[in-house]
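Scroll down for the structure; my scribbles are underneath it.
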Amino acid sequence: MDENAACFLLENHALGGRGLTHKTQDGFGLHRSAIKNVIRTQTLASIEANLHYLVLVSIIMRTQEKSRQGRLNLDLSLHPPSHSPPQPVDNETSSHQQQEEEEEEEEETMEQPRQRRRRTRADTRRMEPPYPWSTDRRAVIHKLEYLQANNIVTIKGEVKCKKCERKYEMEYELMNKFYEITRFIESEKNSMHDRAPSCWANPILPNCNFCNKEKCVEPVIISQEEGDDDDQFSRINWLFLLLGKFLGCLKLKQLRYFCAQNNIHRTGAKNRLLYLVYLALCQQLQPSNIHFL
């Protein structure tokens, strides 16, 4: 066995086949020059005879080196080393799990039935008619034949001046006013396109009989008494508002109330609902007129 072969053999045994490491500070690493010095001082025969002894020494030195490294790592760490190292977090796995959870939540949401908006139906309870031309149903007036047969030819309603704040009654002749509205609908219906014209949406208010101010009198639609909307809306003087062309003074929720009580589709702009209310009231007075359909 020559000198290089002996060095190679000792290196592999001492370092586990990982090659030489030069650590002069600790003295636990083997250096090629130190091995050669040992080989030169002895014969090759004695080296072969003591080979097992040298391998044993190298194994002990390697074990001491490992224990020394372990003590160094313990001194440099703030916490004692754990027996089981922390498992690395797999970002792809966590993102995949999160995506699966979101998909499950979406499926559960889709499986739940959508709650439909509750539609307000007509109140079929009978009520005491608030006016002689009103029926016992909400937002429904008598036919024209009934009114003529019972000599109800003058329609009255309460108004208020916006200037002097004076309240008083105003009356309209039933037949004259109704035929005026009928002629207007027959001539202008095709050009309305299912929308109320500006003269209906923005009615011209009458003059005050007391302060003589112009265009300042508006109808008293609901009273100031306490009560819910249904109770107040049921007392609206629909026929008086129709003949005086005051329906445009109503609020959107009041127009919707009329449509709900008469089973009319009430979704749309105010001019659309106002158009439907005008035609529905005229149809209640005169159902046989095809222009009110």
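- Ring planes of Tyr278 and Trp200: parallel class, angle under 30° (limits at 30 and 60°).
- Every residue two or more places apart in sequence or in another chain that forms a salt bridge (charged side-chain N to carboxylate O under 4.0 Å, His left out) with Asp194 is listed here: Arg272.
- Considering CZ of Phe210 and CD of Glu165, their distance stands at 14.0 Å, rounded to 0.5 Å.
- For the pair Gln148 (side chain) and Glu145 (backbone), a donor-acceptor distance under 3.5 Å is absent.
- The side chain to side chain contact (heavy atoms under 4.5 Å, CB included) test applied to Gln286 returns Phe178, Ser288, Asn289, Phe292, not counting sequence neighbours.
- Annotation: Lys270, atom NZ; neighbour count of heavy atoms from other residues, nucleotides and ligands within 6.0 Å is above 12.
- When all heavy atoms of Leu205 and Cys249 are compared, the closest pair comes out as CD2-SG, 4.3 Å.
- Under a 3.5 Å cut-off, the side chain of Gln284 and the backbone N or O of Ile141 do form a donor-acceptor pair.
- Atom NZ of Lys189 is surrounded by more than 12 heavy atoms from other residues, nucleotides or ligands within 6.0 Å.
- Nearest approach of Val217 to Cys208, heavy atoms of both residues: CG2-CA, 3.4 Å.
- In this structure a side-chain-to-backbone donor-acceptor pair under 3.5 Å is missing from Asn262 to Ile264.
- Atom CG of Asn271 and atom CG of Leu276 lie 10.0 Å apart (nearest 0.5 Å).
- Note that NZ of Lys156 is 13.0 Å distant from CD of Glu158, once rounded to the nearest 0.5 Å.
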Working for side chain to side chain contact (heavy atoms under 4.5 Å, CB included), residues Asn207 and Lys215: CA-CA 5 Å; Asn207 303 331; Lys215 302 177 182 179; 4.3 Å; yes

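- Using a 4.5 Å cut-off on side-chain heavy atoms (C-beta onward), Ile221 and Gln254 make contact.
- Using a 4.5 Å heavy-atom cutoff, the side chains of Leu242 and Leu285 are in contact.
- For the pair Thr135 (side chain) and Val140 (backbone), a donor-acceptor distance under 3.5 Å is present.
- Glu186 CD: more than 12 foreign heavy atoms inside a 6.0 Å radius.
- Checked for salt-bridge contact, Lys245 and Glu180 meet the test: a charged N lies under 4.0 Å from a carboxylate O.
- The number of heavy atoms from other shown groups lying within 6.0 Å of CZ (Arg195) is above 12.
- Residues Met175 and Ile181 share a single hydrophobic cluster, defined by chaining ILVMFWY side chains whose heavy atoms lie under 4.5 Å apart.
- In terms of modelled atom types and a separation under 3.5 Å, the side chain of His142 and the main chain of Ser134 share a donor-acceptor contact.
- At least one side-chain heavy atom of Ile155 sits less than 4.5 Å from a side-chain heavy atom of Trp133.
- The two atoms that bring Met192 and Ile185 nearest to each other are CE-CA, 4.5 Å, heavy atoms only.
- The CG atom of Leu250 lies 5.5 Å from the CH2 atom of Trp238; values are rounded to the nearest 0.5 Å.
- Connection of Met127 to Tyr131 is not established within any shared hydrophobic cluster, with ILVMFWY side chains joined at heavy-atom distances below 4.5 Å, either directly or through further cluster members.
- The nearest pair of heavy atoms linking Phe184 to Cys199 is CZ-SG, 3.7 Å.
- Neither Val153 nor Leu239 shares a network with the other; the hydrophobic side chains, linked directly or stepwise wherever heavy atoms of I, L, V, M, F, W or Y lie under 4.5 Å apart, form separate groups for each.
- The main-chain N or O of Arg126 is never found under 3.5 Å from a side-chain atom of Asp136 such that the two would form a donor-acceptor pair.
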Working for side chain to side chain contact (heavy atoms under 4.5 Å, CB included), residues Arg256 and Phe258: CA-CA 5 Å; Arg256 287 177 176 172; Phe258 179 90; over 6 Å; no

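- Separation of atoms NE2 (His193) and OH (Tyr275) is listed at 10.5 Å; rounding is to 0.5 Å.
- Enclosure of atom CG in Leu293 by more than 12 non-hydrogen atoms of other residues, nucleotides or ligands within 6.0 angstrom is indicated.
- For the pair Arg166 and Lys160, the minimum side-chain heavy-atom distance is 4.5 Å or more.
- The minimum heavy-atom distance between Phe240 and Pro219, with the atom names listed, is CE2-CB, 4.4 Å.
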Intermediate values then yes/no, side chain to side chain contact (heavy atoms under 4.5 Å, CB included), Leu255 and Val277: CA-CA 7 Å; Leu255 296 174; Val277 172; 4.0 Å; yes

His291 and Thr182: CA distance, side-chain angles, deciding distance, side chain to side chain contact (heavy atoms under 4.5 Å, CB included) verdict: CA-CA 8 Å; His291 294 90; Thr182 302; over 6 Å; no

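- Side-chain atoms of Asn237 never come within 3.5 Å of backbone atoms of Ile222 as a donor-acceptor pair (strictly under, hydrogens ignored).
- Side-chain contact between Gln261 and Phe233 is absent, with no heavy atoms from C-beta onward closer than 4.5 Å.
- Of all the heavy atoms in Asn209 and Asn212, the pair that sits closest is O-OD1, 4.1 Å.
- Residues Ile152 and Leu174 are not in side-chain contact: their nearest non-hydrogen atoms beyond the backbone lie 4.5 Å or more apart.
- With hydrogens and angles ignored, the 3.5 Å screen pairs no side-chain donor or acceptor of Glu218 with any backbone N or O of Cys161.
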